[in-house]
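If you're wondering where the values come from, they're calculated on a predicted model, not measured in any experiment. Residue numbers start from 1 in every chain, and the chains themselves are labelled A, B, ... in the order their sequence lines are given, proteins ahead of strands.
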Amino acid sequence: MPELPEVETTRRGIRKHVEKQTITKVIIRQSQLRWPIPTGLSKILSKQVIKSVSRRAKYLILSCDAGHVILHLGMSGSLRVLNANTPPEKHDHIDFIFTNGQCLRLRDPRRFGAVLFTKEEPTQHKLLKSLGPEPLSKYFSDHYLFEKSRKRQLTIKSFIMDSKIVVGVGNIYASEALFRAGIHPKRAAGKVTKEKYNLLTTAIKEVLKEAIQAGGTSLRDFTKSDGKPGYFRQSLNVYGKKGEPCPNCNKPITQSVIAQRSTYYCTQCQK
DNA sequence: TTAATCACCTGAGGGC
DNA sequence: TGCCCTCAGGTGATTA
């Protein structure tokens with residue numbers, strides 16, 4: 001399931017194959033994703049050169065002179081670069097065909113992903129303009145989180161998963177970062193101390209950096225752009241480890257549901 | 001304004 | 001082996 005490290009891994013994987021390539025056409029097999037793929041996309045992108053592949057939060061942005069393609073991988077999406085003659089398989093919804101005979105292919109079994117197009121600056125698109133800072137940027141700090149959290153009653157886990165606060169912290173990495181920082185996931189965000197936010201900020205940055213270096217976390221659905229799995233799963237301390245001993249104190253890991261999401265934590269180490 | 005819940009979708013896995 | 005049910009999860013929309 002793609003979170004920020006998986007999206008960044010994908011961006012790095014496809015970038016060298018896609019940048020400076022000229023699109024000949026776009027083949028849409030299934031337009032009903034999270035939102036319908038814009039009609040006329042093939043005509044708009046025909047003969048366009050992809051100038052850059054960038055990322056904002058979990059959105060990938062393919063930029064060309066005509067505008068910007070905004071891609072979201074949703075829950076189960078993956079992008080691969082392969083020969084355009086490779087027969088599509090089930091759930092291969094869209095191909096961007098290039099003049100060099102290659103194509104960029106989106107597969108998304110659960111169809112929670114999205115393919116959108118905008119002529120405006122992508123950061124001003126309605127989906128992107130209200131997003132919080134990138135967690136690995138200098139704008140994401142303990143001071144920022146502390147100030148944003150004052151008087152907030154929601155749980156700290158929901159708080160750090162709110163993309164208006166900070167982008168890219170999904171369910172897996174929220175559990176892992178809170179464990180590293182020693183913060184109970186059900187604690188009210190407004191009750192967390194400045195010192196704990198310092199630990200949490202560091203933990204979020206660390207866990208995301210490590211996951212990017214490992215090529216993401218492969219659970220059920222995620223493979224990298226080369227089709228290989230990511231390896232950060234081997235570094236998870238609590239996620240998916242209900243009943244297993246805590247790596248710090250050996251007390252069994254607890255699972256409960258917070259904001260409709262499975263949450264894993266140690267009641268001994270996280271207060 | 002804030003917080004909680006719903007809806008979308010399909011594959012995996014468990015129970016029978 | 002096959003069927004049925006539950007669970008998983010990102011995020012915008014809706015509701016309270």
Enquirer: What nucleotide, of dG12(C), dT10(B), dA4(B), holds the atom closest to the side chain of S163(A)?
Expert: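 When the side chain of S163(A) is considered, dG12(C) is the closest of dG12(C), dT10(B), dA4(B).
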Enquirer: Which pair of heavy atoms, one from C269(A) and one from C246(A), lies closest together, and at what distance?
Expert: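 Here C269(A) and C246(A) meet closest at SG-SG, 3.7 Å.
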Enquirer: Using atom CD of Q260(A) as one end and atom P of dG12(C) as the other, report the distance to the nearest whole Å.
Expert: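 So the two atoms are 15 Å apart, to the nearest Å.
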Enquirer: Testing Y59(A), F112(A), W35(A) for ring pair (Phe, Tyr, Trp, His ring centres under 6.0 Å) with H72(A), which one passes?
Expert: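 Only one of Y59(A), F112(A), W35(A) forms a ring pair (Phe, Tyr, Trp, His ring centres under 6.0 Å) with H72(A), namely Y59(A).
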Enquirer: Return the value, rounded to whole Å, for the distance between atom CE of M75(A) and atom P of dC7(C).
Expert: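 In whole Å, dC7(C) P and M75(A) CE are 15 Å from each other.
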Enquirer: Can you tell me the distance, in whole Å, between the NZ atom of K157(A) and the C1' atom of dG10(C)?
Expert: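 Taking NZ of K157(A) and C1' of dG10(C), I get 12 Å after rounding.
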Enquirer: With a 4.0 Å cutoff (strictly under), does any side-chain N or O of H91(A) reach OP1 or OP2 of dG11(B)?
Expert: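 Answer is yes, contact under 4.0 Å.
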Enquirer: Between the side chains of Q21(A) and N100(A), is a donor N or O closer than 3.5 angstrom to an acceptor N or O?
Expert: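 Present: a donor and an acceptor within the cut-off.
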Enquirer: Within this structure, what is the NE2-to-C1' distance between H72(A) and dC8(B), rounded to whole angstrom?
Expert: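 Answer to the nearest Å: 14 Å.
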Enquirer: Would you say a side-chain N or O of Y59(A) is under 4.0 Å from OP1 or OP2 of dG12(C)?
Expert: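 It does, given that an N or O in the side chain of Y59(A) lies less than 4.0 Å from OP1 or OP2 of dG12(C).
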Enquirer: Using a heavy-atom cut-off of 4.0 Å across all strands, would you classify K90(A) as base, sugar-phosphate, or nothing?
Expert: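 Result for K90(A) = sugar-phosphate.
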Enquirer: So, does R111(A) get its side chain near the phosphate of dC8(B), meaning an N or O under 4.0 Å from OP1 or OP2?
Expert: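 No.
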Enquirer: Out of dG10(C), dA8(C), dT10(B), which has the shortest distance to the side chain of S262(A)?
Expert: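 Minimum distance to the S262(A) side chain belongs to dA8(C).
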Enquirer: Tell me whether the OP1 or OP2 atom of dT2(B) has a side-chain N or O from R152(A) closer than 4.0 Å.
Expert: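 No, no such contact exists.
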Enquirer: Have S256(A) and Y265(A) got a donor and an acceptor in their side chains that come within less than 3.5 Å?
Expert: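 Short answer, yes.
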Enquirer: Report which part of the nucleic acid F159(A) touches: base, sugar-phosphate, or nothing (heavy-atom distance under 4.0 Å, all strands).
Expert: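 Contact class for F159(A): none.
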Enquirer: Any side-chain donor paired with an acceptor under 3.5 Å for K242(A) and T254(A)?
Expert: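 Result is no, nothing qualifies.
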Enquirer: Both Q153(A) and Q30(A) contact DNA chain B. Taking the nearest nucleotide for each, which residue is further toward the 5' end?
Expert: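 Per heavy-atom nearest nucleotide, the more 5' residue is Q153(A).
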Enquirer: Provide, to the nearest angstrom, the distance between the CE atom belonging to M161(A) and the P atom belonging to dA8(C).
Expert: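 Nearest whole value for this atom pair: 13 Å.
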Enquirer: Using the rule for Phe, Tyr, His and the six-membered ring of Trp, do F112(A) and dT11(C) stack at under 5.5 Å and under 30°?
Expert: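 Taking the rule of under 5.5 Å and under 30°, the ring of F112(A) does not stack on dT11(C).
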Enquirer: Starting at atom CD of Q32(A), determine the distance to atom P of dC8(B), rounded to an integer number of angstrom.
Expert: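 Rounded to the whole Å, the gap is 13 Å.
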Enquirer: Counting side-chain heavy atoms from C-beta on, which of dT10(B), dA13(C), dA3(B) comes nearest to K126(A)?
Expert: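 The answer is dA13(C).
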Enquirer: Quickly work out the R34(A) CZ to dT10(B) C1' distance and round it to whole Å.
Expert: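 In whole Å, dT10(B) C1' lies 15 Å from R34(A) CZ.
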Enquirer: Check the distance between dG10(C)'s C1' and R261(A)'s CZ and give it to me in whole angstrom.
Expert: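 Rounding to the nearest Å, CZ of R261(A) and C1' of dG10(C) are 7 Å apart.
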